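Contents: one structure, followed by commentary.
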Amino acid sequence: MIALLKEPWPWYIAGPLIGLTVPILLLIGNKSFGISSSLRHICASCIPADIPFFKYDWKKEVWNLFFVLGIFLGGAIAVRLFPNEAPVTVNPKLMQELAGYGINDYSNLVPMDLMNWSSLFTVKGVILMVVGGFFVGFGTRYAGGCTSGHAIMGLSNLQWPSLIATISFMIGGFAMANLILPFILSL
Amino acid sequence: MQRAANVRDNLQAREGGTIEKGSKAWYPYSKYLIVGIMFGIVFVKAEVISWFRIQEMFRLQSFHMYGIIGSAIMTAMISVFLIKKFQIKTLDGEPIKISPKKFNKGQIYGGLIFGLGWAMTGACPGPLFAQIGTGATVIVVTLCSAIAGTWVYGRLREKLPH
């Protein structure tokens, strides 16, 4: 048991646990699983600026903000109480490719060579964190959901628009990782 | 300020004493906080929030992320099927309602844009919160940028093709 807590969990444990979030949220409060909406509620509560898209009763959706606060706390608890002791082990081919861009530090879940406060002053860092983050927020709202709302909640409810959204997420990701990211990483 | 206002609301709610006013307080939401905590722990333990794992996924170099997303969808799908088939109610006895998703072109355009961002940041919105929790404080910048992206979408919504 203790060993299991210190090792990374395999997909067949993590996947079903993530999937169970859907019925749990439905049963405890009739809530549909979705995370990117939290970003909209933050806009609506803090910076609505008279924009119709942010004029709604966000207080009714406050559960979603508690949920993401929980995700934040869960991350904090996991690294302190039962961290994965070994660095992330990835495919050697990926390690070789990334080493070519000077990325060798696997000690953290985020790549420390790319994402740290001083890299915010580099072109590469700004593109990956600021532009990348903007795409995540803009794209998920434009698509009406993210991996949780569309790929997991939508697909499990057999919604074909969610299938189209999920395929689009994957196409965008493949294009970035294989065609565009090599240029960004070599900046 | 915000926190002070919340505390005041809570106090008023408690002093009000009626059940209806009490529901405005924070504690009915603590169950979502707990589900979120469990979820965040799984994210870290299964390395779902690792930038490296996302890079592997988009290069077809590992089954890990496909196994996680695939088995999560299967588990959720079976659960939703059972909930509908047996008309299972919520713990409060309400009938369970799931709103259908309507198609618009945003799912394609927005989906592609999110996909680009996903491979850059190595995170979808959920993992951003967990990454900050693990101590990667600089991801606050990524999260603020994602909030800005959501805001700009809201601002431009009428002019974008849907």
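Each chain gets a letter, A, B and so on, in the order the sequences are listed, and its residues count up from 1. Nothing here was measured: the structure is a model prediction, and the numbers come from that model.
- Contact check for Cys124(B) versus Ile35(A): no side-chain heavy atoms found under the 4.5 Å cut-off.
- Between chain B and the residues Leu181(A), Leu25(A), Leu158(A), Asn84(A), the largest count of heavy-atom pairs under 4.5 Å involves Asn84(A).
- With respect to chain A, the highest number of heavy-atom pairs below 4.5 Å among Ser30(B), Ala119(B), Ser145(B) belongs to Ser145(B).
- Checking side-chain atoms of Gln107(B) against main-chain N and O of Ile164(A) turns up no donor-acceptor pair under 3.5 Å.
- Contact tally against chain A (heavy-atom pairs below 4.5 Å) for Cys144(B), Ala123(B), Gly117(B): the top residue is Gly117(B).
- Heavy-atom pairs under 4.5 Å with chain B peak, among Val22(A), Asn91(A), Val79(A), Leu17(A), at Asn91(A).
- Donor-acceptor pairing under 3.5 Å is recorded for the side chains of Lys84(B) and Asn157(A).
- For Ile167(A), no part lies near chain B; criterion is any non-hydrogen pair under 4.5 Å.
- Heavy atoms closer than 4.5 Å to chain A are found in both the backbone and the side chain of Arg155(B).
- Looking at Trp151(B), its side chain does come within 3.5 Å of a backbone N or O of Ile47(A) through a donor-acceptor pair.
- The part of Thr21(A) that comes within reach of chain B is its side chain, from C-beta onward, which places non-hydrogen atoms under 4.5 angstrom from that chain.
- Ring centroid separation for the pair Tyr32(B) and Phe67(A) does not come in under the 6.0 Å cut-off.
- Per-residue counts of heavy-atom pairs under 4.5 Å with chain B were compared for Met112(A), Arg80(A), Lys31(A); the largest is that of Lys31(A).
- For the atom pair OH (Tyr153(B)) and SG (Cys43(A)), the distance works out to 12.5 Å, reported to the nearest 0.5 Å.
- The line from CG of Asp105(A) to CZ of Phe52(B) is 7.0 Å long, rounded to the nearest 0.5 Å.
- Here the CZ atom belonging to Phe58(B) is positioned 13.0 Å from the CG atom belonging to Leu94(A), to the nearest 0.5 angstrom.
- Under the side chain to side chain contact (heavy atoms under 4.5 Å, CB included) rule, Ile28(A) has a single partner from Thr90(B), Val35(B), Asp92(B), which is Val35(B).
- Val42(B) touches chain A through backbone and side chain together, each having a heavy atom under 4.5 Å away.
- Atoms CZ and OG1, from Phe114(B) and Thr166(A) in turn, are 9.5 Å apart once rounded to the nearest 0.5 Å.
- With a 4.5 Å cut-off on non-hydrogen atoms, Ile139(B) touches chain A through its side chain but not through its backbone.
- Once rounded to the nearest 0.5 Å, the distance linking CZ of Phe129(B) with CG of Leu65(A) reads 8.0 Å.
- Of the possible donor and acceptor atoms, one in the side chain of Thr150(B) sits under 3.5 Å from a partner among the backbone N and O of Gly137(A).
- Of the listed residues Val141(B), Ile98(B), Ile132(B), Ile147(B), the one with more heavy-atom pairs under 4.5 angstrom with chain A than any other is Ile98(B).
- With hydrogens and angles disregarded, no donor-acceptor distance shorter than 3.5 Å links the side chain of Lys45(B) to the backbone of Ala14(A).
- Using a 4.5 Å cut-off between heavy atoms, Ile152(A) contacts chain B through both its backbone and its side chain.
- Atom OG1 in Thr121(B) sits 12.0 Å away from atom CG in Leu114(A) (nearest 0.5 Å).
- Only the side chain of Phe33(A) comes within contact range of chain B, judged by heavy atoms closer than 4.5 Å.
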